[in-house]
K.L.:
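Right, I'll just put the structure down here and ask away after.
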4 protein chains.
Amino acid sequence: MTAIEPSRRGRPRSQRTHEAILEATRSLLLEKGYPALTIDAVAARAGTARTTVYRRWATKGALVLEATAEHLAIGIVPDAGSTRTDLGVALRQLTATFSDRLAAIVMLAVIANLDEDPFMARTFRSEIVYPWRTSAAAALERGVARGDLPPDADIPFLLDVIVGTVFQRAVINAQSETDGLDEAILDLVLAR
Amino acid sequence: MTAIEPSRRGRPRSQRTHEAILEATRSLLLEKGYPALTIDAVAARAGTARTTVYRRWATKGALVLEATAEHLAIGIVPDAGSTRTDLGVALRQLTATFSDRLAAIVMLAVIANLDEDPFMARTFRSEIVYPWRTSAAAALERGVARGDLPPDADIPFLLDVIVGTVFQRAVINAQSETDGLDEAILDLVLAR
Amino acid sequence: MTAIEPSRRGRPRSQRTHEAILEATRSLLLEKGYPALTIDAVAARAGTARTTVYRRWATKGALVLEATAEHLAIGIVPDAGSTRTDLGVALRQLTATFSDRLAAIVMLAVIANLDEDPFMARTFRSEIVYPWRTSAAAALERGVARGDLPPDADIPFLLDVIVGTVFQRAVINAQSETDGLDEAILDLVLAR
Amino acid sequence: MTAIEPSRRGRPRSQRTHEAILEATRSLLLEKGYPALTIDAVAARAGTARTTVYRRWATKGALVLEATAEHLAIGIVPDAGSTRTDLGVALRQLTATFSDRLAAIVMLAVIANLDEDPFMARTFRSEIVYPWRTSAAAALERGVARGDLPPDADIPFLLDVIVGTVFQRAVINAQSETDGLDEAILDLVLAR
DNA sequence: ACTTAAGCGAGACGGTACGTCTCGTCTTAAC
DNA sequence: GTTAAGACGAGACGTACCGTCTCGCTTAAGT
């Protein structure tokens, strides 16, 4: 998890304050971006003391990951029987998340601070990327078993094609309209 | 261009100092990463005054782009007669550049600071991305004319597949060994 | 007052630090003079951060006035019954203060920065000059009432003679030995 | 003198430039005061290069003294036969000079930078103060000889009374109306 | 007319100090 | 023991001037 665990004794932490800080973090991320986000500004907007923020989150990265957890959640690829259907869901999950402005800001922060803030990268990978990627790999393996994909299909490569293309379109090119992107990728990957 | 233009009049700028600053920038980028790169540290390592750096580059981004220009240069896709050959060159250009640690650091900085430092993004796009992408698009169009690609091929989409996949592998997954990646992408794009 | 008022809440200011800054200010004033006094040097000698100085004093002038308050204090002219005695006290107060090297440095700074730092001038006038001048004027008025001074004596003029002469001797000519000066001024002012 | 001597060979100095720099110095002194006067600003306003200023004057003080020489000139006390007349002239010289805003700014700069810029103080004393003070002392001595002043009159003291009082009024109190001041001082000094 | 030496403008240079911002830690009183 | 408040040491920011330096160009006087 991202937050620092509270003690069981003494005055309990205020839940209102908690949510206020997270909300302040989200709005400031949207307004200023990750590099210009300061703890000072978060505390000021949340109406709390700076110390309170530091007491609960060890780093800016941890705070941001918790504040945007719902925006980042990609989910898990279901097993609905059809390779094309399952991959279609997977792609819609990706495009939806990558098109979310807050999610895009955070993902860029994660990769831009790979060395600076390795905790953030690790958490992001294990909490968000790994579950989706594992279930998407399973969906592709089922496709191989069904013959929708050739027996020697390089599954990690295909996942990189899928994620990389969506990332390129939605985050780097910042194209909001992703109509047809999902179908085009499906055609490319499942062709043959 | 990135640097502040020198005047023709007055004492000329020291070329030694110029190169010392760029070299200091490169080494600090590798050691600390872009967000932690400070002008103070650059000047100190270069053995110059802080003011000298400010005199020549308006922003940290401009300095970094000039310091890493050779690392970022992707080049232009040649027209050698064969679609597969031309695209193969294009892919080797991409993987070579994206695997360069300095180039990766700077590209991440560019996209992470899209809003913060729009000058940096604009320069990177126009100097590096645009020329390559234009020539790569031409190569794909020649492929369509030759029948190596279907007549209705979505060329911008294919470029996003190519760039996105390489970016995902080389930069985000930071996989140094990219053996076979070029061939796999070629097979994927030209398959039919 | 001169310092920025501290808040009642939060961590209280360190008194040790406060005194260290004032002492550093005094010693640097004596060594370098007012124009060459820098906040950087004060903080360095006091062993604190530069920000701590800025947090407590808005301007160099405010810091210097507080650091030298005891040296600047002229006091108030007493009412002891005799015009000559009272004025003698007044003169000894003036010569004592004006002969203090630190006080002289600060007074010159005040008048040299009348336009630059009007706050400093205003504070100096209201805190130091005004109380003394008012009480000295009262002493002269008592002298008029007693017949030690002519009924039409121009009291502001006489005060300017007294202050101006002492200032000229002690500060501008920087004569340390002021023996006989007090008596000479008394003879001049009370002659008749 | 104050300026750096030019060489006899090579291109002669421009007289126009010289006067432009002095005029710029005067106007900036009036606008900003001595402490805030910068060589950069002088050169900019004079339309010359900074180097040109540095080539001609070694210090800011030397430049300022030359620029304001006419404003500072007090003159010499004449020998017109009457003690009261001569001293009256002396006082009018003083009040005229001390009431000149430019002269006041420079005199304050001189005494505020006694330690910082001893050259300025020395020059001011020898060029301006000494000649006047010597001739004023001679006038007082003639007064003693004539019996207008007691035989044991302390002439340096009386000069300090005169100068100090005028300085106090005109410079420190910055009273523009000095009507009657001359007569009052004359009465005080010559009384008896 | 040709040389030559200095003046001149322009601006680079290494510095120092400015006053501000943000960091993450700390110290207090209030609850 | 959490909280609000704010002090603290630290360090980077970007700017303003300092006084020196290095250029190419201009301007006379001496040849």
Side-chain angles (χ1 to χ4, degrees), chain A residues 6-14 17 36-43 46-60, chain B residues 4 6-18 36-44 46-56 58-60, chain C residues 4 6-15 17-18 36-44 46-56 58-60, chain D residues 6-14 17-18 36-44 46-56 58-60:
Chain A
S7 163
R8 248 134 298 156
R9 324 235 280 126
R11 173 173 169 180
R13 288 184 180 164
S14 156
T17 298
L37 179 76
T38 68
I39 302 290
D40 286 58
V42 169
T48 63
R50 240 143 30 80
T51 349
T52 302
V53 180
Y54 282 115
R55 201 174 295 112
R56 298 186 185 204
W57 292 276
T59 65
K60 185 165 103 168
Chain B
I4 296 170
S7 166
R8 247 135 273 126
R9 324 240 253 133
R11 174 175 170 178
R13 289 184 182 165
S14 157
Q15 190 53 43
R16 295 166 59 96
T17 298
H18 206 80
L37 179 76
T38 69
I39 302 290
D40 283 53
V42 168
T48 62
R50 225 146 41 79
T51 33
T52 299
V53 181
Y54 283 114
R55 213 173 279 122
R56 300 187 186 206
T59 65
K60 187 166 102 168
Chain C
I4 296 170
S7 166
R8 247 135 276 128
R9 322 238 259 135
R11 174 175 171 178
R13 288 184 182 165
S14 156
Q15 190 53 43
T17 298
H18 205 81
L37 180 76
T38 68
I39 302 290
D40 282 55
V42 168
T48 63
R50 227 146 39 79
T51 31
T52 299
V53 181
Y54 283 114
R55 211 173 279 123
R56 301 187 184 207
T59 64
K60 184 164 106 170
Chain D
S7 165
R8 246 133 300 154
R9 322 235 282 129
R11 175 175 169 180
R13 288 184 181 164
S14 156
T17 298
H18 205 81
L37 179 77
T38 69
I39 302 290
D40 285 56
V42 169
T48 64
R50 239 144 31 80
T51 349
T52 302
V53 181
Y54 283 115
R55 202 175 291 117
R56 299 185 184 206
T59 64
K60 184 165 105 168

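Numbers restart at 1 for each chain; the letters A, B, ... are given by sequence-line order, proteins then strands.
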K.L.:
At 10 degrees resolution, what angle do the end axes of the helix from E/dA1-F/dT31 to E/dC31-F/dG1 form when each is taken over five base pairs?
P.N.:
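Overall, the helix from E/dA1-F/dT31 to E/dC31-F/dG1 bends by 10° from one end axis to the other.
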K.L.:
How close do C/L37 and C/K60 get, counting heavy atoms only, and between which atoms?
P.N.:
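For C/L37 and C/K60, the tightest heavy-atom pair comes out as O-NZ, 3.0 Å.
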K.L.:
Output one line per pair: protein atom, nucleotide atom from nucleotides 18-20 of chain E, and distance, for all N/O pairs under 3.5 Å.
P.N.:
from, atom 1, to, atom 2, distance (Å)
E/dC18, OP1, C/I39, N, 2.8
E/dC18, OP2, C/I39, N, 3.3
E/dC18, OP2, C/D40, N, 2.9
E/dC18, OP2, C/D40, OD1, 2.2
E/dG19, OP2, C/Y54, OH, 2.9
E/dG19, N7, C/R50, NH1, 2.9
E/dG19, O6, C/R50, NH2, 3.0
E/dT20, O4, C/R50, NH2, 3.4

K.L.:
Using a cut-off of less than 4.0 Å, is there contact between a side-chain N or O of D/T52 and OP1 or OP2 of E/dC8?
P.N.:
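No, no such contact exists.
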K.L.:
Let me see the working for C/H18 and C/R56 under side-chain hydrogen bond (donor to acceptor under 3.5 Å, both in side chains), right down to the final yes or no.
P.N.:
CA-CA 9 Å; C/H18 205 81; C/R56 301 187 184 207; 2.7 Å; yes
K.L.:
For a quick check, with a 4.0 angstrom heavy-atom cut-off, what is the B/S/- contact string for nucleotides 23-31 of chain F, read 5' to 3'?
P.N.:
S--BB----
K.L.:
Over all strands shown, is D/R56 touching base, sugar-phosphate only, or nothing at heavy-atom distances under 4.0 angstrom?
P.N.:
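Sugar-phosphate: the residue D/R56, judged by heavy atoms under 4.0 Å, touches backbone atoms but no base.
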K.L.:
Give, for atom OG1 of A/T52 and atom CD1 of A/I39, the distance between the pair rounded to the nearest 0.5 Å.
P.N.:
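The CD1 atom of A/I39 is 12.0 Å from OG1 of A/T52, to the nearest 0.5 Å.
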K.L.:
Rounded to whole angstroms, how far apart are CZ on C/R13 and C1' on F/dG9?
P.N.:
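One finds 16 Å between C1' of F/dG9 and CZ of C/R13, rounded.
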K.L.:
Take atom CD of C/Q15 and atom C1' of F/dC8, then tell me their distance rounded to the nearest Å.
P.N.:
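For the pair C/Q15 CD and F/dC8 C1', the rounded distance is 15 Å.
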K.L.:
B/I4 and B/Y54: which non-hydrogen atoms are nearest, and at how many Å?
P.N.:
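The pair with the smallest heavy-atom distance is CD1-O, 3.8 Å.
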K.L.:
With nearest nucleotide decided by heavy atoms, which residue, B/P6 or D/T48, maps closer to the 5′ end of DNA chain E?
P.N.:
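Nearest nucleotide further toward 5': that of D/T48.
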